[in-house]
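Worksheet for the structure shown next.
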Amino acid sequence: MDTAHAAPGRIRKVVIAGGGTAGWLAGCALAHQFRDLLDITLVESDQIGTIGVGESTVPPIRNFHRFLQIDEQEFLRAVAGTFKLSISFEGWGQPGDRYLHPFGPAGQGTWATPFHHFWLDSRRRGMPPSTLADFCLEGVAALADRFSLDTRPQVNYAYHLDAGLYARFLRGIAERHGLVRVEGKIGEVERHAHSGDVAAVVLDDGRRLEGDLFIDCTGFRGLLIEQALETGYEDWSHWLPCDRAIAVQTESAGGPVPYTRAIAHEAGWRWQIPLQHRVGNGLVYCSRYLSDDEAQARLMHDMESRPLREPRLVPFRTGRRLRTWNRNVVALGLTSGFVEPLESTSLHLTMSAIVRLIQLFPFEGISPALVDRFNDLGRAEAEHVRDFVILHYHATRRDGPMWAECREMELPASLEQRLRAWRDRAHAWQLGDELFRVDSWAHVLMGQGVQPGPPHPLVRGLGDDALRQLLAGIRAQIAHAAAGMPSQQTFIASYCKAGPGVWSAGMPAPA
Ligand SMILES: Cc1cc2nc3c(=O)[nH]c(=O)nc-3n(C[C@H](O)[C@H](O)[C@H](O)COP(=O)(O)OP(=O)(O)OC[C@H]3O[C@@H](n4cnc5c(N)ncnc54)[C@H](O)[C@@H]3O)c2cc1C
């Protein structure tokens, strides 16, 4: 198709501003889907670089990859990736405790009563203590450091990936599908005098990139959606107090475990993300309660292996752009907002927004109704994730001023409603496309020490022997499946080991 002579209002030229993970995910997906319908250009600045974090994911990434026809083994070799079955929350209820948020289903429920009701009733009846994660293959396999794709039932999993290598991998696909990459720094955003829409981005060297639709992936800067269009931002820092992270990569210490670690401290938490060739670490904190120097000292003190480069400070502001699609600009990735990295949801929200954009793509011109739909869906999705993450901060017995503040804060009404339903009747729910399932809520509510109300009466009608047999049967089946799985290291060695070329490209220059 001749994309240079589109009728007025029609969208043919798309300019993606920014080449972090968000920009390349968008470029890859649009070029893959619409290569014959659109001219797509991506402009990025090596001088500015990318945020360089964002290495832990959630399972729907596999659907997104399937949609892009990405071969899993090729992808994992290219990003030195590992498998993720769970997040291990350490010290969140109180110092010294630990719970898992595994990805798979817990036990077997009925249509009327999710499994956690059966499990809760076993506790009420004084049966041997267990955790909900004991009834989840992903939880048991994670703690035993096992991974396989040949289990029955199949495990539900996500990945840990090297963010720099992932952007490079996506770029390769996008360019193969005809996307044009431009290296340069955007110095100015030009708007149409009459409509106020964005007309072009102008680079520092004077080059001008015109477009019909612009995708703003310039990270927290929000060059188009905010600096040019002044869209506005809803701040969530009164619910999510952390506003900074210090990130550092370290050498691998032992084989990679198949889970992300999230370890609470007095003013935030620390992540540990094991890759094939290194470990990603970071300390997330609230700058009102911990200085940058203290945070860095704490992070370096807690490292279990040698740093590979200097630690890097990453300030952020939790919240959400008031409209992620405004005029002819769509904001994706950090430009659209940021919940915070605790449940590794940012890449997922980006992928989900890209799928929505493809579904609603305005070839025939921008429709306000579809723009509203795009914005409403994105908002609902982000608020759902926000509530889930706030729960971890709010429901805690930890000491210290930051945690006390979180315990006492006024919650969003939507989260308040969930907590009431849990405390009244152990009830949790999942609407339509929501990311976090009933089991996810149950794992975190129990892990954070939120006492549930009585289980469903249907479960209470089950005899002791029948309940004991049901639980023992599930655990035996899971133990059998986990015992047949190799260690993650062994599995990776045969399935997706990254070669030395990948390793060295993904390794930072020595500190
Ligand atoms: C501390 C922290 C931890 C995180 N951990 C996770 C995680 O575990 N899992 C997860 O899913 N997400 C995580 N995230 C979020 C994740 O990092 C981002 O969603 C992801 O990296 C996408 O970033 P981005 O592409 O939006 O922005 P960036 O990586 O900042 O990319 C911005 C791009 O815009 C370009 N640019 C900016 N200005 C200009 C200009 N003037 N001219 C030209 N180009 C320009 C830059 O060069 C760059 O290419 C984390 C975020 C933070 C802050």
Side-chain angles (χ1 to χ4, degrees), residues 15-27 41-58 60-61 64 84 87 158-164 166-168 170-171 181-189 201-205 207 209 215-228 242-248 260-262 268-273 275 280-285 295 299 311-318 321 324 331-354 385 389 435:
V15 176
I16 300 171
T21 314
W24 282 114
L25 281 169
T41 304
L42 183 148
V43 53
E44 65 175 326
S45 159
D46 285 344
Q47 188 195 333
I48 294 175
T50 66
I51 194 150
V53 285
E55 305 200 319
S56 185
T57 65
V58 289
I61 188 175
F64 191 80
K84 173 181 173 189
I87 302 180
Y159 309 112
H160 299 130
L161 49 85
D162 180 310
Y166 189 42
R168 196 171 72 166
L170 295 170
R171 175 181 162 185
R181 173 187 181 269
V182 172
E183 159 59 35
K185 187 168 167 217
I186 302 167
E188 195 192 328
V189 178
V201 291
V202 184
L203 309 190
D204 274 354
D205 60 11
R207 278 176 295 167
L209 301 175
I215 305 196
D216 189 349
C217 299
T218 54
F220 287 124
R221 291 169 192 82
L223 275 187
L224 288 80
I225 197 95
E226 198 56 58
Q227 294 188 26
C242 291
D243 56 357
R244 285 164 118 71
I246 297 194
V248 69
T260 301
R261 291 180 69 194
W269 61 280
R270 173 165 71 87
W271 78 73
Q272 221 177 63
I273 301 174
L275 303 177
N281 307 271
L283 195 93
V284 177
Y285 58 102
L299 176 65
R312 231 162 26 87
L313 179 67
V314 188
F316 59 83
R317 183 169 162 225
T318 56
R321 200 68 58 201
T324 50
L332 294 176
L334 296 172
T335 313
S336 67
F338 187 48
V339 176
E340 84 128 87
L342 186 58
E343 283 280 353
S344 334
T345 44
S346 186
L347 295 179
H348 167 74
L349 293 176
T350 305
M351 292 172 188
S352 182
I354 291 169
V385 168
V389 174
L435 175 63

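All values reported here derive from a predicted model rather than from experimental measurement. Numbering of ligands and ligand atoms starts at 1, following listing order.
- Between F338 and F220, the two ring planes are perpendicular [angle over 60°; tilted spans 30° to 60°].
- Contacts of V314 with ligand 1, taken as heavy-atom pairs under 4.0 Å, involve the side chain alone.
- Residue G282 places no heavy atom under 4.0 Å from ligand 1.
- Every atom of ligand 1 is numbered from 1 in the order shown, and the set under 4.0 Å from a heavy atom of I51 is 17 (O), 21 (O), 28 (P), 29 (O), 30 (O), 53 (C).
- Of the listed options G184, G20, A17, A26, G184 places a heavy atom closest to atom 43 (C) of ligand 1.
- Between the E340 side chain and the L342 main chain, a donor and an acceptor come within less than 3.5 Å of each other.
- Under a 4.0 Å criterion applied to the non-hydrogen atoms of E55, ligand 1 contributes the atoms 7 (C), 8 (O).
- Each of the atoms 26 (O) of ligand 1 lies under 4.0 Å from some heavy atom of G333.
- Residues T218 and L223 come closest through the heavy atom pair OG1-N, 2.9 Å.
- The CZ atom of R221 lies 10.0 Å from the CG atom of L334; values are rounded to the nearest 0.5 Å.
- For the residues L42, I48, T21, the heavy atom positioned nearest atom 40 (C) of ligand 1 is part of I48.
- If you number the atoms of ligand 1 from 1 as listed, the ones under 4.0 Å from a heavy atom of S56 come out as 7 (C), 8 (O), 9 (N), 10 (C), 11 (O).
- Annotation for ligand 1: atoms under 4.0 Å from non-hydrogen atoms of A22 are 22 (C), 24 (P), 25 (O), 26 (O).
- Contact annotation for A245 and ligand 1: only side-chain heavy atoms (C-beta onward) come within less than 4.0 Å of the ligand.
- At a heavy-atom cutoff of 4.0 Å, ligand 1 is contacted by no atom of H348, backbone or side chain.
- Looking at every heavy atom in both residues, G27 comes nearest to I16 through CA-CD1, 3.4 Å.
- Residue G49 holds the heavy atom nearest to atom 48 (C) of ligand 1 of all those in G18, G49, S45.
- Between the side chain of T260 and the backbone N or O of I87 there is no donor-acceptor pair closer than 3.5 Å.
- With hydrogens and angles ignored, the 3.5 Å screen pairs a side-chain donor or acceptor of R321 with a backbone N or O of T335.
- Taking a cut-off of under 4.0 Å to the non-hydrogen atoms of P341, the atoms of ligand 1 that pass are 2 (C), 3 (C), 4 (C), 5 (N), 6 (C).
- With hydrogens and angles left out, the side-chain atoms of T324 and S336 include no donor and acceptor closer than 3.5 Å.
- Judged by the shortest distance from any of its heavy atoms, W24 lies outside the 4.0 Å radius around the atoms of ligand 1.
- Near T50, meaning under 4.0 Å from one of its heavy atoms, ligand 1 places the atoms 29 (O), 49 (O).
- Taking every heavy atom of L223 and a limit of under 4.0 angstrom, the matching atoms of ligand 1 come to 39 (C), 40 (C), 41 (N).
- When atom types are taken as modelled, the side chain of E183 and the backbone of D46 share a donor-acceptor pair closer than 3.5 angstrom.
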